Amino acid sequence: MSGNLFGYVPGGVIREGERVSRGAVLKRVLKQERPYLPLIILSFVLSAASVICMLLVPILIGEAIDLICTGKNGDALLKILLKAGLFACGAAVSQYCMNRINNRVVCHTVRDLRAKAFQKLQTLPLKYLDSHPHGDLISRLSADTEQFSDGLLMGFTQLFSGVITIIGTLCFMFSMNVAITLIVVCVTPLSIFAARFIAGHSYEMFKKQSSIRGEQTSLVNEMLTNEKTLKAYGREEDVLKRFDEINDGLEKISMRALFFSSLTNPGTRFVNNIAYALVACVGAIAVYSNATPLFSSLTVGILTAFLSYANHYMRPFNEITSVITEFQNAVACAARVFEVIDEEETEEKQDQMPLKDVSGDVSLTHVDFSYTTEKELIKDLNMNVKSGMRVAIVGPTGCGKTTLINLLMRFYEVQAGKILVDSQETAASDLNDVRSAYGMVLQDTWLFDGTVKENILFGNPDATDAEMIEAARESHAHSFIRRLENGYDTRLGEDGSILSQGQKQLLCITRLMLNKPPMLILDEATSSIDTRTELQIQSAFKKLMQGRTAFIVAHRLSTIRDADLILVMRDGAIIEMGTHESLMKQNGFYAELYRSA
């Protein structure tokens, strides 16, 4: 993942590689909170109630101290202490309820954000997924949203009450003595300046930390996925070295971010202690001398309340600066998640036409496509396939065979020309209709952590058990499924970890057999299967392909001799076309490939 800064453009959309302000991300965060506005308002009310109850306690304690100093220790003192206890209980109950509400709002906000990001991943084009490390995307949906949750929770828990505490404390202090209150207020800008200076430096560091963490997750994910290859080539030391480099970089930036963020609290506390000392010294002298008109109303009890209020007033600045520091990390993580949410989806026209009752006629007219602007791949590709034909696509590695399949399935959109199915342009057709018209079995298998039955029914959830078993018999998977511990109800583990590669491929073929779409795509569908089973499946495929258009990507040319049409590709173009016999008679590139196989 690039280390570029994130961006903000009109409309609040964040694009990768553009610069973004913290304010822009914060606006997006606040927008996420709109559904929970009633709960937030209730939290604000409870926070105000908690602060007011808490601030009334020092006044009552001060009154109690004055009563003790004057020797009045009777019922009046008991009533004051009882009131103080009730207000303290009221503050605690309000704080508890506020925290419950804040937890609920934060958890639901993060849930919604994760859901939006995951939903966007389902609609993003494969071009985006192919060009971004999967580990980094996982990091954004898991680690980054978790960090965002922590920062948001601190914001709700401490920011509201902190601001109200500051305002409430000022009101109480001004009502008691203006002169000492002004001393406290004059010191405040120093605390704010210190917090602002430190927070400004920590934001960029936390953002860089999130980016490196995503890079680390990407490497771990890649190595776990390809662990066998890694061990087979003995590259453990090289991978450990690469991991250590990333880990060291993460350690350095994390140390710098934590160092700057850890300066916030002691820096503001130092300023706050200066204010507290000034209030204590000036107040003590004023009470003792009782000579200055500005402080003539001060008593020991009022000074005690003032010292308590000075702490109450300064403490929120410490908490708010801690929140701001944590919020830098949260905002940086939120920007990475919003970046995924704001990516452009697969563009579909508003007047998408349904594609139903497909017979299987396919044609490509003057199709151009390339993955990058620097290198052309497919140029002016033309092809006509009639319904029921078996079309084999052959050619050297990198000639465009898999790319052609991606274009047929609309995993990528053509840059010029048209692809027609039953004389209807696929670019103007409903995307789900286009993809459901094809059944695909690839060389790389895909199974999820579910039962055998759930994996087979993935393409046709409404199929009956009898239909599923019949499809398994046709694919010759039924025999090994019966030998599993729980048969069709056996859980496969992640990516079918309990099965061999050949068994995985048989299940994918069973899934296709059950679905029976009007068109088939077979990309080395039997590459991991033994020769005897392959011959049996080829026979089943022939039965399945009757009346269906089939595109067969083959590397072993002996398996496609019976194809109705063989397309020979090189450098993104079809250079030869015909049956096996006619192409061998031409003695061209296909004949050369066949003899060298």
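Just so it is clear, the structure is predicted and the values come from calculations on it, not from any experiment.
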Any non-hydrogen side-chain atom of [X] less than 4.5 Å from a side-chain atom of [Y]?
X	Y	value
K504	W446	no
Y594	H580	yes
L507	L492	yes
L408	V362	yes
L219	I246	yes
D136	T217	no
L484	V452	yes
S142	I138	yes

Polar side-chain atom of [X] near backbone of [Y] as donor-acceptor pair, under 3.5 Å:
X	Y	answer
R140	V337	no
Q122	Q119	no
T464	E467	yes
Q424	P354	yes
T549	G360	yes
R28	F338	no
T426	I419	yes
R410	S429	yes
D368	Q415	no
R482	G487	no

Using every non-hydrogen atom in the two residues, find where [X] and [Y] come nearest and quote the distance to one decimal.
X	Y	answer
L250	R213	CD1-N, 4.1 Å
E343	L124	CB-CD2, 3.4 Å
M569	L404	SD-CD2, 4.1 Å
I378	T403	CD1-CG2, 3.8 Å
M577	L565	CG-CD1, 3.4 Å
L593	G395	CD1-CA, 4.2 Å

Does any donor atom in the side chain of [X] or [Y] lie under 3.5 Å from an acceptor atom in the other side chain?
X	Y	answer
T145	R114	yes
T579	S582	yes
D422	S359	yes

Can you tell me how far [atom2] of [Y] sits from [atom1] of [X], rounded to the nearest 0.5 angstrom?
X	Y	atom1	atom2	value
I521	M440	CD1	CE	4.0 Å
C508	M513	SG	CE	12.5 Å
H478	R473	NE2	CZ	4.0 Å
R570	F589	CZ	CZ	4.5 Å
L377	D571	CG	CG	9.0 Å
T510	N515	OG1	CG	12.5 Å

Hey, are [X] and [Y] close enough for a salt bridge, meaning a charged N less than 4.0 Å from a carboxylate O?
X	Y	result
E592	R595	no
K401	D523	no
D144	R336	yes
E339	K120	no

- Might you work through the side-chain contact (heavy atoms from CB on, under 4.5 Å) test for N382 and V367, ending with a clear yes or no? CA-CA 7 Å; N382 296 276; V367 168; over 6 Å; no
- Message: Could you go through K356 and D433, starting from their C-alpha distance and side-chain angles, then the distance that decides it, and tell me whether this counts as side-chain contact (heavy atoms from CB on, under 4.5 Å)?
- Response: CA-CA 7 Å; K356 304 295 183 182; D433 287 349; 3.2 Å; yes
- If you draw a 6.0 Å radius around NZ in K116, do more than 12 non-hydrogen atoms from other residues or ligands fall strictly inside? no
- Message: So for atom CD, which belongs to E237, do other residues, nucleotides or ligands contribute more than 12 heavy atoms lying within a distance under 6.0 Å?
- Response: no
- Message: Is there a side-chain contact (heavy atoms from CB on, under 4.5 Å) between Y438 and L520? Walk through the geometry before answering.
- Response: CA-CA 5 Å; Y438 291 94; L520 306 175; over 6 Å; no
- Query: In terms of ring plane angle, is the pair F458 and F448 parallel, tilted or perpendicular, where the classes change at 30° and 60°?
  - Reply: tilted
- Using the six-membered ring wherever Trp is involved, compare the ring planes of F369 and Y371 and label them parallel, tilted or perpendicular (cut-offs 30° and 60°). perpendicular
- Item | Trace of the side-chain contact (heavy atoms from CB on, under 4.5 Å) decision for I212 with I253 | CA-CA 9 Å; I212 297 178; I253 195 66; 3.9 Å; yes
- Item | Summary of side chain to side chain donor-acceptor pair (under 3.5 Å) pairs that have at least one residue in residues 243-254, sequence neighbours excluded | Q209-S254, Q216-N247
